[in-house]
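Comments concern the structure below.
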Amino acid sequence: MNRLYTLIQYLLDEDPQYSEIQIPQGLQGRRDLFRALCNVRPPKSVSEEFLRLQDEELQAQLQEKGIVELVDIENVCRGVPWRVSTGKQLSLWQGDITRLRVDAIVNAANSQMLGCFHPLHRCIDNAIHTAAGVQLRQECHELMLRQGHEEPTGQAKITKAYNLPCKHVIHTVGPIIPNGIPTEFQQEQLASCYRSVMACADENKLESVAFCCISTGEFRFPNQLAAEIAVRTVTDYLSENPNCSVKTVVFNVFKDVDWMIYRSLMDEI
């Protein structure tokens, strides 16, 4: 509790507009306020003491949630492995992607690549940046400064994972479908996200990757079609690149509807 108080007070002191905010007494209230302040905080330097306390807090929260090891996926809630003709393993797992200890998890990013700035938003971008810590936004900011323009749809960039149990985060920007009816071009953009992530993992000699459901949810890509594209693109990539370093791909879902869709598709492999 004292650690959270110190962290929150640091963030409040950074910006005079927060001078009237009162720090809650309860643990969950303090955790929510800390997350919200980190969500809206722009990328900028922070003290070493803040980072030390933040990392301690995020590691404590991670231990509470529990780390899911790759070898345990088939033994945890709704985890199912498949072997495919390439000799690689595909797995389906339902749960919080920020718990997975894999070489990389995939973040469905926006074109600014800085994470979600909406306080306590439930999107995957917000969850990943929250669990990783403020260092992830700073690294993404530095990447974007070097690039000099917004991230195009369908590409991928790799960063460190900081306080996440995985080693890396691979960020990709999926297509936005305002009317929920993707064109053929937008379907190809989504396929490009999966290919780019696989290529990025291969280039960095990673052996395990966990995909979220890119472009569904807030970006309104239909769940069924998105899953079909995901499974087809990943299996095609593995078949076309037999020397790919990636040995295991996890399709991570959160909603029951996505679990049923992926389970049906992967039973057909």
Side-chain angles (χ1 to χ4, degrees), residues 43 70 88 90-91 97-98 100-116 123-129 131-132 135-162 164-177 182 185-219 221 225-241 243-253:
L70 189 59
K88 311 290 187 178
L90 302 182
S91 294
I97 199 171
T98 67
L100 294 179
R101 197 195 302 275
V102 290
D103 285 346
I105 63 172
V106 176
N107 179 31
N110 56 49
S111 59
Q112 289 75 40
M113 282 277 289
L114 296 180
C116 172
C123 69
I124 190 73
D125 200 10
N126 190 299
I128 287 174
H129 274 264
Q135 301 99 310
L136 181 56
R137 178 166 285 173
Q138 184 63 31
E139 182 179 355
C140 288
H141 174 62
E142 292 166 1
L143 280 173
M144 296 306 287
L145 283 178
R146 290 195 295 270
Q147 178 165 286
H149 57 81
E150 292 189 348
E151 181 72 358
T153 299
Q155 298 186 12
K157 279 187 168 53
I158 190 169
T159 64
K160 297 177 183 177
Y162 301 99
L164 292 159
C166 56
K167 296 177 182 177
H168 301 277
V169 179
I170 300 178
H171 309 260
T172 188
V173 181
I176 299 172
I177 317 298
F185 177 70
Q186 289 167 325
Q187 293 177 48
E188 173 53 32
Q189 285 181 313
L190 182 59
S192 178
C193 289
Y194 285 91
R195 282 194 299 271
S196 295
V197 169
M198 292 296 292
C200 180
D202 194 14
E203 289 166 8
N204 287 276
K205 308 302 181 188
L206 307 185
E207 295 188 355
S208 55
V209 177
F211 281 98
C212 62
C213 299
I214 302 167
S215 272
T216 59
E218 293 293 318
F219 282 13
F221 205 105
L225 182 55
E228 292 171 1
I229 291 170
V231 173
R232 180 175 66 248
T233 305
V234 168
T235 53
D236 284 352
Y237 186 93
L238 292 172
S239 296
E240 294 163 6
N241 297 271
N243 296 320
C244 176
S245 66
V246 178
K247 295 182 172 67
T248 304
V249 173
V250 180
F251 292 108
N252 173 255
V253 300

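Using modelled atom types, no side-chain atom of S208 and backbone atom of T248 make a donor-acceptor pair closer than 3.5 Å. Looking at D202, its side chain never comes within 3.5 Å of a backbone N or O of M198 through a donor-acceptor pair. For the pair S245 (side chain) and L206 (backbone), a donor-acceptor distance under 3.5 Å is present. At distances below 3.5 Å, not a single donor-acceptor pair connects side-chain atoms of T233 with backbone N or O atoms of A230. Between the side chain of N252 and the backbone N or O of C212, no donor-acceptor pair lies under 3.5 Å. Within the 3.5 Å criterion, the main-chain N or O of V249 finds no donor-acceptor partner in the side chain of K88. At distances below 3.5 Å, not a single donor-acceptor pair connects side-chain atoms of S192 with backbone N or O atoms of E188. Judged by distance alone, with hydrogens and angles left aside, the side-chain atoms of N110 form a donor-acceptor pair with the main-chain N or O of Q112 at under 3.5 Å.
Atom NZ of residue K157 and atom CG of residue N107 lie 13.5 Å apart, to the nearest 0.5 angstrom. Expressed to the nearest 0.5 Å, how far CD of E150 lies from CE of M113 amounts to 11.5 Å. For the atom pair T159 OG1 and L164 CG, the distance stands at 9.0 Å (nearest 0.5 Å). Interatomic distance, NE2 of H171 versus CG of L143, reported as 7.5 Å (0.5 Å rounding). Expressed to the nearest 0.5 Å, how far CG of D103 lies from NZ of K167 amounts to 4.5 Å. To the nearest 0.5 Å, atoms CD1 (I176) and OG1 (T153) are separated by 7.0 Å.
Side-chain contact between L190 and P182: absent, with no pair of heavy atoms (C-beta onward) separated by less than 4.5 Å. Side-chain contact check for L70 versus V250: some heavy-atom pair is nearer than 4.5 Å.
Here the two rings, on Y194 and Y237, have centers that are 6.0 Å apart or farther.
Across D125 and C116, no two heavy atoms sit closer than the pair OD2-N, 3.5 Å. When all heavy atoms are compared, the tightest approach of A156 to C200 is CB-CB, 4.4 Å. The two atoms that bring T216 and A226 nearest to each other are CG2-CB, 3.6 Å, heavy atoms only. Smallest separation of non-hydrogen atoms from V253 and C213: CG1-SG, 3.8 Å. Residues H149 and Q147 come closest through the heavy atom pair O-NE2, 2.9 Å. Among all heavy-atom pairs drawn from C166 and A161, the shortest one is O-CB, 3.3 Å.
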**OP:** For the pair I177 and Q186, evaluate side chain to side chain contact (heavy atoms under 4.5 Å, CB included) and give the outcome as yes or no after the intermediate values.
**Re:** CA-CA 8 Å; I177 317 298; Q186 289 167 325; 3.5 Å; yes
Subject >> H129 vs C140, side chain to side chain contact (heavy atoms under 4.5 Å, CB included): CA-CA, chis, key distance, verdict >> reply: CA-CA 10 Å; H129 274 264; C140 288; 4.2 Å; yes
**OP:** Any chance you could lay out the side chain to side chain contact (heavy atoms under 4.5 Å, CB included) test for L90 and L238, step after step, and finish with the verdict?
**Re:** CA-CA 11 Å; L90 302 182; L238 292 172; 4.2 Å; yes
**OP:** Before giving the answer on side chain to side chain contact (heavy atoms under 4.5 Å, CB included), spell out for T98 and I128 the whole-Å C-alpha distance, their side-chain angles and the decisive distance to 0.1 Å.
**Re:** CA-CA 6 Å; T98 67; I128 287 174; 4.2 Å; yes
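Using a cutoff of 4.0 Å between basic side-chain nitrogens and carboxylate oxygens, K160 and E139 are not scored as salt-bridged.
Of the candidates T172, V231, I97, V106, F211 forms a side chain to side chain contact (heavy atoms under 4.5 Å, CB included) with just one, namely V106.
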